[in-house]
*Asks:* 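To start, I am sharing the structure in question, which I have written as structure tokens.
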Amino acid sequence: MKGWFTPVAVAALFLGLLVGTLAVGLLLPATPLAPVSQVQAFQKPYPMPHQYWAKTDEFYVFASGGQQGGLYVYGVPSMKYLSEIPVFVPDQAWGWTPEDPEIRKMMTNPWTGQLVTRGDTHHPALSKTKGVYDGRWAFINDKMQGRVARVDLATFRTSQIYWVPNISGGIHGHHIAPDSRLIVVNIEHEQSPDPVIQRHIGIQVDPFKGPYVAGINGIRVADDGKMSNAWQVWGPWQYDMARIGWGKSDGWIITTSYNTERATSAVPMFAREQDYLYFWNIASIEKALADKKVVTTAQAPDMPVISWKDVEVYMTPIPLNPHGLDISPTGKYILTSGKATTLIAAVDFEKVLQAIKDRKFVGEEFNIKILDQNAVRSATMDLGMGPTHIEFDDQGYAYVGFFVDSDIKKVPLGEPYTQLHKREPWKVADVLPAHFSVGHLVVPGGDTAQPYGKYVISMNKLTKDTFLPHGPLRTENHELFNIRETPAKLVDQMALGPETHYSQVIPVSLITPRSQTAYKEARALASEKPRVEYDYNAKEVRVFMTVVRSFFTPEVFNVPQGWKVKVRMVSQETALDMTHGFALDGYNVVASLDPGEVREVEWTAEKPGVNWFYCIWFCSELHMEMRGRMIVVPSQEWAPQMETKLGS
Ligand code: RUQ
Ligand code: CUA
Ligand code: CA
């Protein structure tokens, strides 16, 4: 055995490997090498210099995760995935678990007390000042449960979940005012609401057959970002997309409805020739509030419910089953696409105001005046199959995504943008081919008063065979196009998990200066000593624990069986990227503790004997050793002298 490792044997072994390699090299046909020019096109610095992408990336993308329940974050143009921000759905990888009472409280239905761990995020809305992004918060809606959350962009953490009252879920359109003081969410799925609401709006709903009712929900946003009830306007129709106007359309909320048929199944929802675009005057809603034309329900005594008949609202016909609804940077043009058609309507808001003044109405429905479409439209474009969403750049162009055609069409807008692009408006200027089936698309700052332009990202709903096979459930694809060139050039693409709806793209300069590397919470608790307290009345053990490489202190504590255990952990770390975790074997309990963070976890001590807890992040070479014990003593054997005491 010993003789094996003689120098001769080692030399022979190496020689054997070398010869083997050479032989393989000689026998196998040489892989054809890519031409040098092509290789260079993909050559990135290697090894990667420190902060390489931090220096080259221009934008952050905040993409809704759809059924992933939160947000994805990546950089542009690198298309490098950075992070996920868990919001409505627990995500232990990114440290978001309802074992923490603070998180559990956010996820708990305030009316039923049920812990809700499912969600479906659609439309991120970055906070704005004077119509442009300011980098303070990202708001995001949950279609499934009817909620809106605020994410703090200094920490990329969810700090509030607001629950829309009086509904069972199904909210879709979500948009923020140019000064971030108001958020509007649409009730997409019609409801059979509290009888108080039905009486107030004068529509009796048959819960079995419908037709049902819906409306829009206003949320006030305070200086610190805190959301609270503003008002709810109920009426006969559901609403899909929402925009709060700015510039030329300042003071108005604009929505679409794809189900003006008030149907309850898919085919009848296409029955009409056109659906409607709605204009809601915000001042008239505030006036209805001031005039106390409101009711409240037992569920939400602080949410004033208004009837649509008591506010100033107009509508105009638009192409059937609209989906996209977007406003050009000056607030003038409202573009809306009919999913069931090939048409995009460009409505001019200045013409809308004029038509209201001149009373150019062609009728009314449910007391809402219908504005003559010929009086308010600038163009009706016939551009392709399955138009979805629309975005704008800084050069006077609109970009329309097509689900069926699998492309994006670039079209020049009318006045005043003709001075910018000097083209005939409303005629296709470029076609960007996508793989496959465009849902939303986004231009940096594309829903603001001053888009940054430069790129468009196509968020494709289907990828088919774009990437390596990975089973029947396929990932999604984000494709980055450079729109400074015509034809636009595909720069890169990126597989990103299911399923983005909208994204918003913001310059790094608005995010990085505010970005925290550690929390400040732990500082306030620096003088507190680790200890264990026993509360015999509440049958509760409270552990005050410090966490730092590679120790939990206390690293062992005793607990009577059946007692509640509450652990508050304080991270004493200040170093960048030094997150620790806490997982308790066999208890379904996990927490993550970023530098300087304070976290709580709770459970009931069920299993007698030794119960190990350990750190889940590979934090140092003593990471595996970073663990401790909870000793659970059967309650009849427990004696007060078993209490864990820590030396001072
Ligand atoms: S949606 S992919 Cu905005 Cu919810 Cu259209
Ligand atoms: Cu701390 Cu691993
Ligand atoms: Ca319809």
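This chain uses plain numbering: 1 for the first residue, then up along the sequence. Both counts, for ligands and for their atoms, begin at 1 and track the order of listing. Side chains are part of it too, since the values below use all heavy atoms of this structure and drop only hydrogens, waters and symmetry mates.
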*Asks:* Under 2.8 Å from atom 5 (Cu) of ligand 1 - does any N, O or S atom of H440 fall there?
*Replies:*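 Within the cut-off used here (under 2.8 Å), H440 places no N, O or S atom near atom 5 (Cu) of ligand 1.
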*Asks:* Working note: Y239 + W280, criterion ring-ring contact (aromatic ring centres under 6.0 Å, His included); need CA distance, chi angles, decisive distance, verdict.
*Replies:* CA-CA 12 Å; Y239 302 104; W280 307 79; 5.5 Å; yes
*Asks:* Hey, is there an N, O or S on H580 sitting under 2.8 Å from atom 2 (Cu) of ligand 2?
*Replies:*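 No, outside the cut-off.
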*Asks:* Would M626 count as a contact for atom 1 (Cu) of ligand 2, in the sense that one of its N, O or S atoms lies under 2.8 Å from it?
*Replies:*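 M626 does place an N, O or S atom closer than 2.8 Å to atom 1 (Cu) of ligand 2.
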*Asks:* Picking from W617, Y587, W603, what satisfies ring-ring contact (aromatic ring centres under 6.0 Å, His included) with F582?
*Replies:*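 With F582 as partner, ring-ring contact (aromatic ring centres under 6.0 Å, His included) holds for just one option, W603.
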*Asks:* What is the name of the N/O/S atom of H623 that is nearest to atom 2 (Cu) of ligand 2?
*Replies:*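 Distance check against atom 2 (Cu) of ligand 2 picks out ND1 in H623.
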*Asks:* I want to confirm something. Looking only at heavy atoms, which of H323, H501, H122, M241 is nearest to atom 5 (Cu) of ligand 1?
*Replies:*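 Comparing heavy atoms across H323, H501, H122, M241, the nearest one to atom 5 (Cu) of ligand 1 lies in H323.
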*Asks:* Has W617 got an N/O/S atom less than 2.8 Å from atom 2 (Cu) of ligand 2?
*Replies:*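 Short answer: yes, at least one N, O or S atom is under the cut-off.
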*Asks:* Counting N and O atoms only, with roles assigned by atom type, does the side chain of Q68 sit under 3.5 Å from a partner on the main chain of G70, one being a donor and the other an acceptor?
*Replies:*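 Confirmed, Q68 side chain pairs with G70 backbone.
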*Asks:* Within ligand 1, which atoms have a heavy atom of H123 less than 4.0 Å away?
*Replies:*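 Answer, ordered by atom number: 1 (S), 3 (Cu), 4 (Cu).
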*Asks:* Evaluate the criterion ring-ring contact (aromatic ring centres under 6.0 Å, His included) for residue pair H501 and H122; output intermediate values, then yes/no.
*Replies:* CA-CA 5 Å; H501 292 266; H122 277 246; 3.6 Å; yes
*Asks:* Contact between ligand 1 and K461 is defined here as a heavy atom of the residue under 4.0 Å from a ligand atom; is it met?
*Replies:*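 Yes; K461 lies near enough to ligand 1 that a heavy-atom distance drops under 4.0 Å.
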*Asks:* Under 2.8 Å from atom 5 (Cu) of ligand 1, is there any N, O or S atom belonging to H389?
*Replies:*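 Under 2.8 Å: H389 contacts atom 5 (Cu) of ligand 1 through an N, O or S atom.
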*Asks:* For the pair S180 (side chain) and S127 (backbone), establish whether a donor and an acceptor sit closer than 3.5 Å, ignoring hydrogens and angles.
*Replies:*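 No; zero donor-acceptor contacts below 3.5 Å.
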*Asks:* Do K409's NZ or CZ and the ring of F402 fall within the cation-pi criteria of under 6.0 Å and 45°?
*Replies:*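 Flagged: K409 positioned over aromatic ring of F402.
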*Asks:* side-chain hydrogen bond (donor to acceptor under 3.5 Å, both in side chains), that's the test. Do Q238 and Y212 meet it? Break it down for me.
*Replies:* CA-CA 9 Å; Q238 60 92 240; Y212 305 100; over 6 Å; no
